[in-house]
Amino acid sequence: MADTVRVRFAPSPTGYLHVGGARTALFNWLYARSHDGVFVLRIEDTDIQRSSEAMVQGILDGMLWLGLDPDEGPFFQSSFVAQHREAARRLVKEGKAYYDFTPKEGGDDRTVGERIADRARAQGVGKERNPYRDLLVAEALARVEAGEPAAIRLKVPEDGFSAFEDLVYGRQERAYSDIEDLVLIRSDGHPLYNLSVVVDDIEMRITHVIRGQDHLTNTHKQVLLYEALGAPVPRFAHLPLIFAPGREKLSKRKHGEVVSVTTYRDRGFLPDALVNFLALLGWSPGTDQEILSRDELIRLFSLEAVNKSSAVFNFHESDPHDWTDPKALWMNAEYLRAMPIGELAKLVAEELKRAGIWREEYAGDKREWFESTIDLLRARYRTVPDFVELGRPYFSDDFEYEPPALKKNLKDERLGELLPALADRLARIGEFTHESTEAALREFSEARQVKAGLLINAARTALTGQSVGPGMFDIMVALGKEKTVSRLRNAVEKVGAAV
RNA sequence: GCCGCUAUGGUGUAAGUGGUUAACACGCCGCCCUCUCAAGGCGGAGAGUACGGGUUCGAGUCCCGUUAGCGGUACCA
């Protein structure tokens, strides 16, 4: 029996959980679930200046909402620094790492990229051999003991090459000569990323490291560390990156809220819909099926089917209607239409409460009405808040008449007389049904020699303030006789008003 | 600079070991339905697979080169 699969999601809390991180978390989660494995959450908070409690909470909130529950953790990397230091000291003692007494370079005003390029140009090809690499361990220890600051660097072999088999990208090779002796511990004692991840992953017995492709080339350094520490090297699977339109890096700062998963929660996305959408960014089941439940995703997911090229998360920042990727919106609408009506009703109820137009009877006597009204509306809405924004006239008498709708449907002066008369006619109906209201209206239109369409469209606007919506008679039934009659009468003042 | 990864319509993806007019979804356009808008049904436009060579009877699939984008290269993560 093979060892239990153990994977981890290891975000650094320097920002909220964005769609890229969420996708990484999702793939780890899917892999764990499909292999009866363990999904560990580890917060990499060693960069104290850039990390914050709020960001940690944001990440946790996002994962909780998406249903990506960790089996272990959250662990905090900052609590393991003693182990990181210990591991580095051990490597020094074993001659696999060394103290570097070269004074730390002062920061300057060039960007990191410029500094690297400059240094590379100055140095030429190939790396310089560090003079402290061969210093006797005893001597180095003595100098450290005496208080001289020193960083710890790993001894990278001078000849040969590193190789590992990536589950997504295939075999990866890199000459040792291209890898410099990486710093494990800063001269101020702070352990650095490559050391920390490896030590933690060993400690947590991670079997599969699934993370963004931005870590692909540095993986060689980590493999070296596993070997130096005498630990089994895990399997690696790097995921293609997700970009913003224009193929630029997703950034919370530049792209704002559209990339934060909590935004999707707050703007009425269903977690299953976002999970489904995210799963299809960089992965495909290989069939035409795109609507995939969580169980189907778990059953079908495989790292081998993950593709290598980066994907674009196609949102259009400034468009209020298509504020995020149109396919994500479509998928959410698809889930909205397919989910059990009772569940949707609960979500809409929350939304109505927040808007202050919730009525307890919707959960009691009028429950059936409430659900059928939601059912009537759901075919044309894409997110939950749509039920309160666009659906407001169905749940509250306090709604706006949209000027374009008035102009389109209530500009005919005859309506000033027709609408109240229609209201009177409808008031005489016994039972308000689709059939009875339609019969009454058609009869009325014939008697008055006006087209039914004129009355129908005018009534829709009179009743909802909108020019679009469900079938007219469905609206009447949904509103009921009393509201229908009074709104028709009250709309008289709107006739011709918008022109 | 050096090292590496990637490249199929606007976007997401498909096209076992090379083999018919490059498929699906979103989006867009049109038609049907119809009182409007959706949903649904039907249809259409949109890529000849970054570019250039090569191998082959045959290449999106293999090889070489170029270009572009991205990543890494740090006493950041």
Side-chain angles (χ1 to χ4, degrees), chain A residues 10-12 14 44-47 50-51 77 100 102-105 112-113 115-126 149-153 166 169 172-175 177-180 182-188 190 192-194 196-197 212-221 238 240-241 243 245-249 277 280-291 307-315 322 325-331 333 337 377-382 390 405 408-409 438 441 451-461 466-473:
Chain A
S12 60
T14 53
E44 310 219 317
D45 58 344
T46 51
D47 187 343
R50 289 202 292 156
S51 303
Q77 188 161 64
D100 180 3
T102 311
K104 184 183 175 187
E105 268 181 52
V112 178
R115 213 150 53 206
I116 293 166
D118 285 357
R119 199 182 60 168
R121 271 188 289 272
Q123 224 167 63
V125 194
I152 296 179
R153 286 183 185 271
D166 190 272
Y169 286 91
Q172 299 294 309
E173 288 182 10
R174 197 174 176 198
S177 57
D178 287 329
I179 305 173
E180 80 177 340
L182 55 143
V183 172
L184 269 18
I185 305 278
R186 261 196 238 155
S187 50
D188 64 3
H190 183 85
L192 255 24
Y193 173 75
N194 282 304
S196 300
V197 247
Q213 192 239 38
D214 47 343
H215 292 285
L216 187 60
T217 43
N218 278 335
T219 300
H220 289 100
K221 297 176 180 173
H238 287 86
L241 266 19
F243 291 125
R247 297 210 165 263
E248 54 181 15
K249 203 172 170 181
F277 173 77
L280 263 16
L281 243 34
W283 174 81
S284 151
T287 62
D288 284 347
Q289 189 186 353
E290 296 208 304
I291 299 294
N307 48 220
K308 304 178 184 67
S309 51
S310 54
V312 170
F313 180 47
N314 196 26
F315 59 87
D322 284 332
D325 193 308
K327 190 154 183 173
L329 249 8
W330 164 80
M331 191 161 281
R337 270 175 238 128
L377 297 170
R378 85 210 286 200
R380 54 216 100 209
Y381 294 166
R382 299 186 299 178
L390 303 169
K408 186 176 178 215
N409 294 328
E438 174 158 18
L441 184 140
K451 291 177 106 172
L454 173 74
L455 260 19
I456 287 171
N457 288 321
R460 176 177 293 103
T461 299
Q466 301 166 356
S467 62
V468 299
M472 192 50 239
F473 306 107

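Just so you know, these numbers use all the heavy atoms, side chains as well, and skip hydrogens, waters and symmetry mates.
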When the [atom1] atoms of [M] and [N] are compared, how many Å lie between them, rounded to an integer?
N: B/A14; M: B/A23; atom1: C1'; result: 6 Å
N: B/U11; M: B/U20; atom1: P; result: 26 Å
N: B/G9; M: B/U55; atom1: P; result: 27 Å
N: B/U8; M: B/G52; atom1: P; result: 16 Å
N: B/C5; M: B/C42; atom1: C1'; result: 43 Å
N: B/C37; M: B/C28; atom1: P; result: 15 Å
N: B/G19; M: B/C62; atom1: C1'; result: 15 Å
N: B/A39; M: B/C31; atom1: P; result: 16 Å

* For nucleotides 16-36 of chain B, read 5' to 3', which letter fits each nucleotide if B means a protein heavy atom sits under 4.0 Å from the base, S means only the sugar-phosphate is that close, and - means neither? -> --------SBSS-------BB

* Asked: With distance as the sole criterion, is a donor-acceptor pair present between the side chains of A/Thr219 and A/His238 under 3.5 Å?
  ->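 Yes, a side-chain donor-acceptor pair sits under 3.5 Å.
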
* **Side-chain donor-acceptor contact under 3.5 Å, A/Arg460 with A/Ser467** =>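 A/Ser467 and A/Arg460 do not have a side-chain donor-acceptor pair below 3.5 Å.
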
Check every strand shown and say whether [X] touches a base, only sugar-phosphate, or nothing at a heavy-atom separation below 4.0 Å.
X: A/His215; value: base
X: A/Asp214; value: sugar-phosphate
X: A/Arg378; value: nothing
X: A/Tyr193; value: base
X: A/Thr102; value: base

* Full working for side chain to side chain contact (heavy atoms under 4.5 Å, CB included) between A/Lys221 and A/Ile179 -> CA-CA 8 Å; A/Lys221 297 176 180 173; A/Ile179 305 173; 3.8 Å; yes

* To do: For the pair A/Asp100 and A/Arg186, find out whether any cationic side-chain nitrogen is under 4.0 Å from an anionic carboxylate oxygen.
  =>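 Salt bridge: no.
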
[atom1] of [X] versus [atom2] of [N]: gap in Å, rounded?
X: A/Asp45; N: B/C76; atom1: CG; atom2: P; value: 16 Å
X: A/Tyr169; N: B/G72; atom1: OH; atom2: P; value: 13 Å
X: A/Gln466; N: B/C37; atom1: CD; atom2: C1'; value: 10 Å
X: A/Arg247; N: B/G12; atom1: CZ; atom2: C1'; value: 11 Å
X: A/Met331; N: B/U11; atom1: CE; atom2: P; value: 18 Å
X: A/Ile291; N: B/G12; atom1: CD1; atom2: P; value: 18 Å
X: A/Leu241; N: B/C5; atom1: CG; atom2: C1'; value: 10 Å
X: A/Lys221; N: B/A77; atom1: NZ; atom2: C1'; value: 12 Å

Which nucleotide wins on minimum distance to the side chain of [X], given the candidates [options]?
X: A/Ser284; options: B/A77, B/U13, B/U6; answer: B/U13
X: A/Gln172; options: B/A77, B/C5, B/U11; answer: B/C5
X: A/Asp178; options: B/A77, B/C2, B/U73; answer: B/C2
X: A/Lys249; options: B/U13, B/G71, B/A77; answer: B/G71

* **Syn-anti status, with the boundary at 90° from 0, for the nucleotide B/G48** =>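 Syn, which is what one calls it when the glycosidic angle falls within 90° of 0.
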
* To do: Check whether any side-chain N or O of A/Asn307 sits under 4.0 Å from OP1 or OP2 of B/G12, and answer yes or no.
  =>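 Indeed not, no polar side-chain atom of A/Asn307 lies that close.
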
* Can you check whether A/Arg186 has a side-chain N or O nearer than 4.0 Å to OP1 or OP2 of B/C76? ->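 Yes, within the criterion.
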
* To do: Please confirm whether the backbone N or O of A/Leu216 pairs with a side-chain atom of A/Gln172, one donor and one acceptor, at under 3.5 Å?
  =>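 Checked: no pair found.
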
* Any donor and acceptor pair, going by atom type alone, linking the side chain of A/Arg174 with main-chain N or O of A/Thr217 inside 3.5 Å? ->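 Yes: the side chain of A/Arg174 pairs with the backbone of A/Thr217.
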
* **Reported CH2-to-CG distance for the pair A/Trp330 and A/Asp325, which is rounded to 0.5 angstrom** =>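 That separation rounds to 11.5 Å.
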
* **Value rounded to 0.5 Å, distance of CG in A/Leu441 from CE in A/Met472** =>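 Interatomic distance, A/Leu441 CG to A/Met472 CE, rounded to 0.5 Å: 8.0 Å.
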
* Asked: Between the base of B/C75 and the side chain of A/Ser187, is there a donor-acceptor distance below 3.5 Å?
  ->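 Between B/C75 and A/Ser187, which were checked side chain against base, a qualifying N/O pair under 3.5 Å is present.
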
* Asked: Quick one: side chain to side chain contact (heavy atoms under 4.5 Å, CB included) partners of A/Lys308, sequence neighbours excluded?
  ->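 So A/Lys308 forms a side chain to side chain contact (heavy atoms under 4.5 Å, CB included) with A/Val168, A/Tyr169.
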
* To do: Starting from the C-alpha separation in whole Å, work towards a yes-or-no answer on side chain to side chain contact (heavy atoms under 4.5 Å, CB included) for A/Glu44 and A/Tyr193.
  => CA-CA 9 Å; A/Glu44 310 219 317; A/Tyr193 173 75; 3.3 Å; yes

* Return the 5'-most residue of the pair A/Thr217, A/Tyr381 with respect to RNA chain B, ranking by each residue's nearest nucleotide. =>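 The 5'-side residue here is A/Tyr381.
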
* More 5' along RNA chain B: A/Phe243 or A/Arg153, using each one's nearest nucleotide? ->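 This one resolves to A/Phe243.
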
* Structure fact -> Given Watson-Crick and G-U pairs under 3.5 Å, RNA chain B in dot-bracket ([ ] crossing, | other strand) is (((((((..((((.....[...)))).(((((.......))))).....(((((..]....))))))))))))....

* **Minimum heavy-atom distance A/Glu173-A/His220, with the two atoms named** =>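 Minimum heavy-atom separation between A/Glu173 and A/His220: C-NE2, 3.6 Å.
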
* To do: Could you go through the side chain to side chain contact (heavy atoms under 4.5 Å, CB included) check for A/Met331 and A/Ile291 one step at a time?
  => CA-CA 8 Å; A/Met331 191 161 281; A/Ile291 299 294; 4.1 Å; yes

